Structure formats: C-alpha cells, structure tokens
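Just so you know, ligand 1 is whichever comes first in the structure, and atom 1 is the first atom listed for that ligand. Computed from a predicted model, the values in this text were never measured in an experiment.
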Amino acid sequence: MTKRIRKAVFPVAGLGTRFLPATKSIPKEMLTVVDRPVLQHVVEEAREAGIEHFIFVTGRNKAVIEDHFDIAYELDDTLKKRGKLKELQALTADLPAAGAASFTRQQVPLGLGHAVWCAREIVGDEPFAVLLPDMVTMGWAQGRCLAQCVAAYEKHGGNIIAVEEVPPEETHQYGVVSIGKDFGHTFEITGMVEKPPHGTAPSNLIISGRYVLGPEIFPILEKREKGAGGEIQLTDGMKALARSQAFHGVRFDGKTYDCGAKLGFLAANVAFALADPELAHLLKTELKKILGTL
Ligand code: UTP
C-alpha cells in the first residue's frame with residue numbers, strides 16, 4: 001500500500017541566465033505562457049495530480065512569486081466594483097488555500113539537489129513530488145505529466161521519474177536513464193547519469209522534470225556532493241538512493257516544453273494559444289502573415 005502524495009516541491013531559486021536581460025528583475029518562472037506565469041501552469045498540473053501543499057524553494061529577487069500566489073485585496077475589490085467577474089474568477093480560482101503554500105529560501109544556488117534538500121523540513125517524513133517549473137506539460141487522455149507519475153507510483157511504489165525521448169545528439173545536455181524491465185508506459189530504471197559526454201549516454205530517454213521521491217533522498221543530498229558543472233545534482237542523489245530503493249521511469253504521454261530555453265518558451269506560447277478556442281483562429285492568421293503564407 002503506497003502513501004498518498006500530498007506535497008510538491010517547486011525549485012525556483014535558479015538564476016535564469018538564459019533569459020537575461022528579462023530575468024534581471026523578473027524571475028524566469030514568472031514569464032508568461034499566454035495569460036499566466038510558467039509557474040502557474042506547473043502549479044495547476046500539481047493540483048490536478050492531487051497535490052495539496054505547494055512548497056516553493058526561492059532565492060533573491062523571487063518575492064513576486066509569493067505575491068502571485070496570495071490574495072490581492074485591492075485588485076479583487078476594484079474588479080468587483082467594476083463588475084469584471086470573469087477576471088476576478090481567473091485571479092482567485094487557482095490560489096492555494098490558506099496555509100497550503102510554503103516558501104523557503106535556498107540562499108545560494110548550489111544546484112537542483114541542494115534546492116530540493118532545502119525543502120526537507122517542510123516535506124517531513126513522507127514521499128513527495130518535485131516539479132521543475134521550467135518544464136511545462138500538456139497532457140492527452142491520461143492527464144498531465146505529474147498525474148501520470150502519481151499513477152505509476154500507486155502501481156509500482158518506490159520512486160518515479162518522468163522521461164522523454166530526445167534525438168541521441170542532444171542527450172549530453174540532460175540527465176539520462178538506463179532501461180531495465182520494460183512494461184511499455186513504465187519501466188525499471190537501472191542507472192542514471194547527468195550530462196553524459198557525447199556518445200556515452202545509456203539511452204535517449206532524458207529526465208524531464210517530474211519526480212516522485214521518498215524522503216530517504218534528504219540524508220543523501222545533505223552530504224552536498226558536487227557533480228556535473230560543480231553543482232549538487234539531484235540525479236546524483238537519486239543514483240545513490242537507487243542502490244537501496246526501486247526507481248521506475250514513466251514515458252510521459254503528452255508534450256513537454258522546456259520554457260527555460262528561448263525556443264521551448266516560444267513554442268509553448270504558440271501551442272497553448274492554439275489550444276485556446278478564443279485565440280487559435282486569430283493566432284493562425286497572424287502566424288500565416290508572419291510566415292508570408294497568407
Ligand atoms: P536550470 O539550471 O535550468 O535553471 O535549473 P537556471 O540555473 O535558473 O537557468 P539558466 O541555465 O541560468 O538559464 C532547473 C530548475 O532548478 C532550479 C531552477 O530555478 C530551475 O527551475 N534551480 C536550479 C534551483 O532552484 N536552484 C539551483 O541551485 C539550481
């Protein structure tokens with residue numbers, strides 16, 4: 001019998017250097033995909049998967065994230081007085097309930113593994129989810145990515161990592177897994193490596209930013225061992241945990257956009273706008289004009 005996954009960690013303390021100068025004063029997680037910040041899309045995905053407590057690991061210049069997930073009394077009041085009820089609904093519908101969001105600081109961005117470790121006191125002794133806010137997912141029939149990971153956790157227990165296929169020449173940019181017993185949608189993970197040098201990756205399945213992990217990861221991350229790029233890597237921590245616990249991969253049935261990179265961010269905006277019935281037709285016309293095909 002598996003425990004319920006109630007808490008999710010959102011590591012949002014990175015510097016976002018790939019989006020400078022935009023990220024000089026705006027956290028990259030607050031850049032918008034259509035009409036809401038990247039981070040809000042990811043929080044909605046977590047809520048859809050049954051998450052009840054949202055833990056944000058933030059850093060300097062990220063206070064605006066806390067404000068975004070709070071009530072804005074003056075704005076609510078103004079919208080009410082102006083009868084803008086649809087806008088008011090959009091503003092308040094997805095707010096975490098009082099006490100259901102926690103914020104802690106990483107202080108120095110020492111790496112993703114360190115960011116996750118910073119949430120240890122709030123997570124406590126229960127399995128939890130991690131969502132990288134850079135990665136925005138669009139699900140098909142089985143829901144978005146975290147919902148599929150939680151379903152896999154309920155089936156296999158242990159630890160779960162969402163993976164995605166990339167062309168072999170791109171694997172050196174990511175964490176890559178080795179495949180053991182294969183069940184199709186899910187499979188046993190027999191190894192992991194962070195940013196393998198060209199031509200050495202064990203597969204073309206990359207770790208794509210959604211995890212369900214046991215609390216036993218925390219004492220491992222506490223050792224602060226540095227890996228690729230001199231950072232404390234989550235992949236290295238998971239690799240150590242895999243010596244004593246099972247890990248399964250989930251081939252996400254849907255589409256992931258890497259909004260931490262310009263191209264992925266732009267593609268996400270186009271894809272989400274095309275999925276919006278109010279925008280799709282108008283955007284298609286604009287795109288045709290830009291491409292000179294109209
Ligand atoms: P990235 O390496 O993609 O984020 O980390 P970054 O460092 O902000 O981006 P660039 O490369 O400089 O443009 C993936 C996720 O992990 C978080 C980031 O905020 C991002 O959501 N992260 C990374 C932390 O919270 N702390 C860290 O020390 C490193």
Side-chain angles (χ1 to χ4, degrees), residues 8-33 37-46 54-66 68-69 101-120 122-123 128-137 145-146 161-164 166 170-176 192 194-195 206-211 213 217-218 221-238 256-268:
V9 176
F10 301 84
V12 288
L15 299 177
T17 54
R18 283 170 290 170
F19 269 99
L20 284 169
T23 47
K24 188 175 169 193
S25 58
I26 303 169
K28 73 172 169 181
E29 300 80 11
M30 292 303 289
L31 299 175
T32 55
V33 170
V38 166
L39 183 55
Q40 191 174 334
H41 285 278
V42 181
V43 165
E44 284 167 12
E45 176 184 334
F54 307 85
I55 304 165
F56 300 90
V57 180
T58 73
R60 299 181 43 252
N61 283 338
K62 306 271 182 167
V64 67
I65 293 178
E66 201 162 334
H68 183 77
F69 290 103
S102 299
F103 298 84
T104 186
R105 289 220 173 190
Q106 190 185 10
Q107 299 168 330
V108 183
L110 297 177
L112 178 59
H114 181 255
V116 171
W117 176 76
C118 289
R120 68 201 178 281
I122 308 171
V123 170
F128 62 104
V130 177
L131 296 97
L132 298 198
D134 284 359
M135 305 308 241
V136 173
T137 75
C145 193
L146 189 66
I161 303 177
V163 300
E164 193 154 313
V166 297
E170 289 178 18
T171 48
H172 68 283
Q173 305 170 43
Y174 302 98
V176 183
M192 301 167 224
E194 187 60 38
K195 299 188 175 64
I206 61 150
I207 298 176
S208 67
R210 301 291 183 265
Y211 316 77
L213 299 171
I217 192 83
F218 291 127
L221 294 173
E222 185 148 351
K223 292 182 188 151
R224 291 175 160 236
E225 280 166 14
K226 289 185 182 161
E231 296 195 348
I232 302 168
Q233 299 283 359
L234 183 60
T235 305
D236 295 337
M238 294 191 300
T256 305
Y257 295 94
D258 179 2
C259 291
K262 285 176 199 163
L263 192 61
F265 175 74
L266 295 170

So, does His114 sit close enough to ligand 1 that a heavy atom of it is under 4.0 Å from the ligand?
-> no

d(Gln40 CD, Met30 CE) to nearest 0.5 Å is 8.0 Å

Could you give the distance from CD (Glu164) to OH (Tyr174), rounded to the nearest 0.5 Å?
-> 8.5 Å

Residue, atom name and distance, where the atom is the protein heavy atom closest to atom 5 (O) of ligand 1 = Asp134 OD2, 4.3 Å

Taking atom CD1 of Ile206 and atom CD of Glu194, what is their separation to the nearest 0.5 Å?
-> 10.0 Å

Could you list which atoms of ligand 1 come closer than 4.0 Å to a heavy atom of Pro109?
-> 28 (O)

Kindly confirm or rule out an N or O of Gly260 lying under 3.5 angstrom from an N or O of ligand 1.
-> no

Nearest protein heavy atom under 4.0 Å from atom 16 (O) of ligand 1, yes or no | yes

Counting each atom of ligand 1 from 1 as listed, which ones have a heavy atom of Pro133 under 4.0 Å away?
-> 21 (O)

Would one find an N or O of Leu15, backbone or side chain, under 3.5 Å from an N or O of ligand 1?
-> yes

Flag if over 12 foreign heavy atoms under 6.0 Å of CG, Leu20 = yes

When the ring centroid of Phe69 is compared with that of Phe10, is the distance short of 6.0 Å?
-> no

Of the side chain and backbone of Val12, name the one, both, or neither that has a heavy atom under 4.0 Å from an atom of ligand 1.
-> backbone

Does Pro27 offer a backbone N or O that forms a donor-acceptor pair with the side chain of Lys62 under 3.5 Å?
-> no

Just need the protein heavy atom nearest to atom 3 (O) of ligand 1, so name the residue and atom and give the distance.
-> Arg18 NH2, 2.9 Å

Thr58 and Gln106: side chain donor to acceptor below 3.5 Å = no

Pro11, any N or O under 3.5 Å of ligand 1 N or O = yes

Side-chain (Glu45) to main-chain (Leu146) donor-acceptor, under 3.5 angstrom = yes

Of the backbone atoms (N, CA, C, O) and the side-chain heavy atoms from C-beta on, which set of Ala115 has a member under 4.0 Å from an atom of ligand 1: side chain, backbone, both, or neither?
-> side chain

Note the single closest protein heavy atom to atom 25 (O) of ligand 1, along with its residue, its atom name and the distance in Å.
-> Ala13 N, 2.8 Å

For Glu231 and ligand 1, answer yes if some heavy atom of the residue is under 4.0 Å from a ligand atom, otherwise no.
-> no

Check: Gly16 N/O within less than 3.5 Å of ligand 1 N/O = yes

Between Phe265 and Phe19, is the ring centre distance below 6.0 Å?
-> yes

Does Gly14 reach ligand 1 with a nitrogen or oxygen that is under 3.5 Å from one of the ligand's nitrogen or oxygen atoms?
-> yes

Shortest protein heavy-atom distance from atom 12 (O) of ligand 1, along with the residue and atom involved = Thr17 OG1, 2.5 Å

Look only at the side chain of Thr256 and the backbone of Met135, and say whether a donor-acceptor pair between them is shorter than 3.5 Å.
-> no

Specify whether Phe103 and Phe56 have parallel, tilted or perpendicular ring planes, treating 30° as the upper limit for parallel and 60° as the lower limit for perpendicular.
-> parallel

Protein heavy atom at shortest distance from atom 26 (N) of ligand 1 = Gln106 OE1, 2.7 Å

Compute the shortest N/O to N/O distance between Leu132 and ligand 1 and return yes if it is under 3.5 Å, no if not.
-> no

